[in-house]
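What you see is a predicted model, and the numbers here were worked out from it, not measured in a lab.
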Amino acid sequence: MPLLSNDQASLKTHLSILRDSSERYANTAAFKIPSVESSSNGILRWDTITYKQFHSDVELCARFWARQLNLVGNVPPKSVVGLWIGGYTYSDVLQIYGISKAGYIPQLFSLRLPNPTVIYELLQKAGAKALVCDDGMLNIIGDRTKDSPVPIFTTQPFSDVALLAESLVDAVADSYLISENDPVDPSECAFVFHTSGSTSGSPKLVPCNYRWLDAVARKASQLCVPIGPNGQDVSTWIGSMCHIGQTTMLLCLMQYGTCIVQPHRFPFSPDELSAMVEQCNVNRLWQFSAFFSAHLRAARKDPEFLRVLASLDEVSTCGMALPKDDQDFAYNSGINLQEIFGSTELGGSTMISIGGKDASTRRHLRPLNGLAYEFRPVRTAAGNEYPDLENAGYLSTNRLLEFVVLPESGDCPDVSLRNPEDGVFHTGDLFIEVGPGRYIFAGRDDDWIKTENSLRCDTKSIEDNARLVCGPLISECIVVGTGRPSPVLFVESSAVTVEEKTKLRKDIWRKIRLFHSRRFMHERITSAEMIVIVPLGSLPRTASKGSIRRKAVEDEYKAQLDKLHGVANM
């Protein structure tokens, strides 16, 4: 391997950041995790894990996996190892970091992809040599373990691993573990994630090398500097460690000694958020926009909970833009709101709202500094095609701009995800420039939407499959579901009576069901109830091309969508 430069030798990694934080913030709380007592008596309580303990626990977990994978399982170091776990607990963090410190490359699978066949395919695509599952995933696999292309290992509760501490220290020498002092090759793979939506029935691999990891970690200085009065921020988890959002959030927050509070369940309720603020001193909330919108709905009815939200030093939302009425309500209620724009492939954050008191500019986004981003014109904005942009205000150009990432940007994803023609990463996210270096999100240049947890869904593939397998049953169709738990299929048909519509829904569901069995949970039409039959030609269309307008359908049928997803009962 060629000699590494000083810059390469100083790359930030998840393990070096943890080591540094364990020294700098040794006795500071790194995590607040649900107390065992909470499980038995139902009273919300949390226990503290310090940074020193976190570092020590990771090392012990690394020895466990070095023994299981290397010494017992003969899995070669530097192999890709799949992890199919929840990702929502402190113990899950230890499994991921432990396997990494044991010298392996974690390939992280989401619980939202509960199909072993797809998991096995992705393992083979990544060249993985083993799969680690928790008990819940083993139950899903059932008798299909024999179909696995790699050996399957089972996680152990960390409390059980801790009981083995003495024997693990004796059996596994330090030489079996990664040293944070050793330089890393920037091009070497550190993690393998997956796109949050499926293409052709399967997500794409998102390999993340150490150059990318370093660039993402350095974004912390623009996003995570503490603002709490005591010098330490206390925040909540944003999601699963099996997704890039929570992984990179931990990477950034560790550098400033932030404490992260694990909720008892996801998404957490207003009552639990209030308890976390009161008992754990949460002062800074990071949350996907759809979940924060649910908190705002509760706050509109509960003045005391609204005061809790307004007491936070900052609320950072991400994944998708908050609806404007939610933005206005939050700002007018004294909530210190910050909006972040990003994507899986780029490590989460790429743009941030400028904030401030001016209602006309505070929601404008600016790109993060120190990265190689461009906004490239893609088409002229026509009022009929983009009705939401008609009153957008000042336009420095009369064009929509696509956000692209140049190869020299540290967070530019793996070459396999870049456009082969120009070598850049095309996000497909469109913006309008509303001032020098300031932008407003204007949708996407493709058929993907983001669902409630900000994971992506390819609507076109659902529509194409429905047309293919349903034939004359469908005159026209469209899939909607931005900000919803799962998509809904709207079908134009000549069916008139309730009986005709019910039969049609069931027939369509029977024909499309197999296709949806391979998809992420958030991408699936989950039942016949999620198929809405409407009269021929009734869905709103563009004036020029006659295409059905997805957002207009979502707006027009908002009440029905709310009812289908139970929003009215929240």
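Counting only N and O atoms by type, the side chains of W65 and Q95 include a donor and acceptor under 3.5 Å apart. Looking only at atom types and distance, the side chain of H243 has a donor-acceptor partner in the side chain of S110 under 3.5 Å away. Checked by atom type, the side-chain pair T482/K450 shows no donor-acceptor distance below 3.5 Å.
Between H55 and Y25, the distance from one ring center to the other does not fall under 6.0 angstrom.
Taken to the nearest 0.5 Å, the SG atom of C242 stands 11.0 Å off from the CG atom of L113. Between the SG atom of C224 and the CE atom of M249 there is a distance of 7.5 Å, given to the nearest 0.5 Å. The distance from atom SG of C133 to atom CG of L83, rounded to the nearest 0.5 Å, is 8.5 Å. Atoms CG and CE, from L455 and M320 in turn, are 9.0 Å apart once rounded to the nearest 0.5 Å. Rounded to the nearest 0.5 Å, atoms SG (C318) and CH2 (W286) are 8.0 Å apart. Separating the CG atom in D214 from the CD1 atom in I17 is a distance of 8.0 Å, to the nearest 0.5 Å.
Under the side chain to side chain contact (heavy atoms under 4.5 Å, CB included) criterion, Y439 pairs with M351, P367, F375, L401, F431, E433, not counting sequence neighbours. Judged as a side chain to side chain contact (heavy atoms under 4.5 Å, CB included), and not counting sequence neighbours, the contacts of V315 are L285, F292, L312, T317, I335, L337. When the side chain to side chain contact (heavy atoms under 4.5 Å, CB included) test is applied to S517, the partners found at least two apart in sequence or on another chain are L514. Legend: residues meeting side-chain hydrogen bond (donor to acceptor under 3.5 Å, both in side chains) with T451, ordered by chain and number and at least two apart, are N453. With sequence neighbours left out, E23 forms a side-chain hydrogen bond (donor to acceptor under 3.5 Å, both in side chains) with no residue at all. For F31, the ring pair (Phe, Tyr, Trp, His ring centres under 6.0 Å) criterion is met by F54, Y90, not counting sequence neighbours. When the side-chain hydrogen bond (donor to acceptor under 3.5 Å, both in side chains) test is applied to T28, no partner is found at least two apart in sequence or on another chain.
Not a single donor-acceptor pair under 3.5 Å links the side chain of E374 to the backbone N or O of L406. The closest donor-acceptor contact from the side chain of W46 to the backbone of Q262 lies under 3.5 Å. The main-chain N or O of I96 is never found under 3.5 Å from a side-chain atom of S100 such that the two would form a donor-acceptor pair. Remark: the backbone N or O of R19 is paired with a side-chain donor or acceptor of S22 at under 3.5 angstrom. No donor-acceptor distance shorter than 3.5 angstrom exists from the side chain of S240 to the backbone of Y88, with no hydrogens or angles considered. Of the possible donor and acceptor atoms, one in the side chain of Q246 sits under 3.5 Å from a partner among the backbone N and O of I238. With T350 contributing its side chain and F341 its backbone, the two residues share a donor-acceptor pair below 3.5 Å.
Residues W448 and C457 have side chains not in contact (no heavy-atom distance under 4.5 Å, counting atoms from C-beta outward). W84 has its side chain within reach of P116: a pair of non-hydrogen atoms, C-beta onward, lies under 4.5 Å apart. Between C280 and T236 the shortest side-chain heavy-atom distance does not fall below 4.5 Å. At least one side-chain heavy atom of I352 sits under 4.5 Å from a side-chain heavy atom of R366. Residues D429 and F441 form a side-chain contact, since some pair of their non-hydrogen atoms from C-beta on lies under 4.5 Å apart. Two residues are said to be in side-chain contact when any heavy atoms from C-beta on lie closer than 4.5 Å; V261 and Q279 fail this criterion. No side-chain heavy atom of V206 sits under 4.5 Å from any side-chain heavy atom of D414. Within the 4.5 Å cutoff, the side chain of V172 has no heavy atoms near those of the N70 side chain.
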Report task. In sequence, state the C-alpha distance, the side-chain angles, and the governing distance for N281 and Q232, and then conclude on side-chain contact (heavy atoms from CB on, under 4.5 Å). Result -> CA-CA 10 Å; N281 298 316; Q232 183 195 29; over 6 Å; no
Requested in this report: Determine, step by step, whether K101 and E180 satisfy the side-chain contact (heavy atoms from CB on, under 4.5 Å) criterion, reporting the C-alpha distance in whole Å, the side-chain angles of both residues, the deciding distance to 0.1 Å, and the verdict.
Outcome: CA-CA 9 Å; K101 188 169 174 60; E180 295 88 350; 3.0 Å; yes
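Shown here for V132 and I85, the closest heavy-atom pair between the two residues is O-CG2, 4.4 Å. Closest of all the heavy-atom pairs between V80 and A126 is CG2-O, 3.7 Å. The two residues A130 and V75 have their closest heavy-atom pair at CB-CG2, 4.1 Å.
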Hey, can you pull the donor-acceptor pairs under 3.5 Å for the side chains in residues 250-260, sequence neighbours left out?
| residue | atom | partner | partner atom | Å |
| --- | --- | --- | --- | --- |
| Q255 | OE1 | K12 | NZ | 3.3 |
| Q255 | NE2 | A217 | O | 2.8 |
| Q255 | NE2 | L251 | O | 3.2 |

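The salt bridge (charged side-chain N to carboxylate O under 4.0 Å, His left out) analysis of residues 58-67, with sequence neighbours excluded, yields the pairs E59-R63, R63-D174. Listed by first and then second residue, the salt bridge (charged side-chain N to carboxylate O under 4.0 Å, His left out) pairs involving residues 87-100 amount to none (not counting sequence neighbours). The salt bridge (charged side-chain N to carboxylate O under 4.0 Å, His left out) contacts involving residues 337-346 comprise E345-R456, where partners must be two or more places apart or lie in separate chains. Each salt bridge (charged side-chain N to carboxylate O under 4.0 Å, His left out) pair with one or both residues in residues 265-291, not counting sequence neighbours, appears once here: D233-R284, R284-E314.
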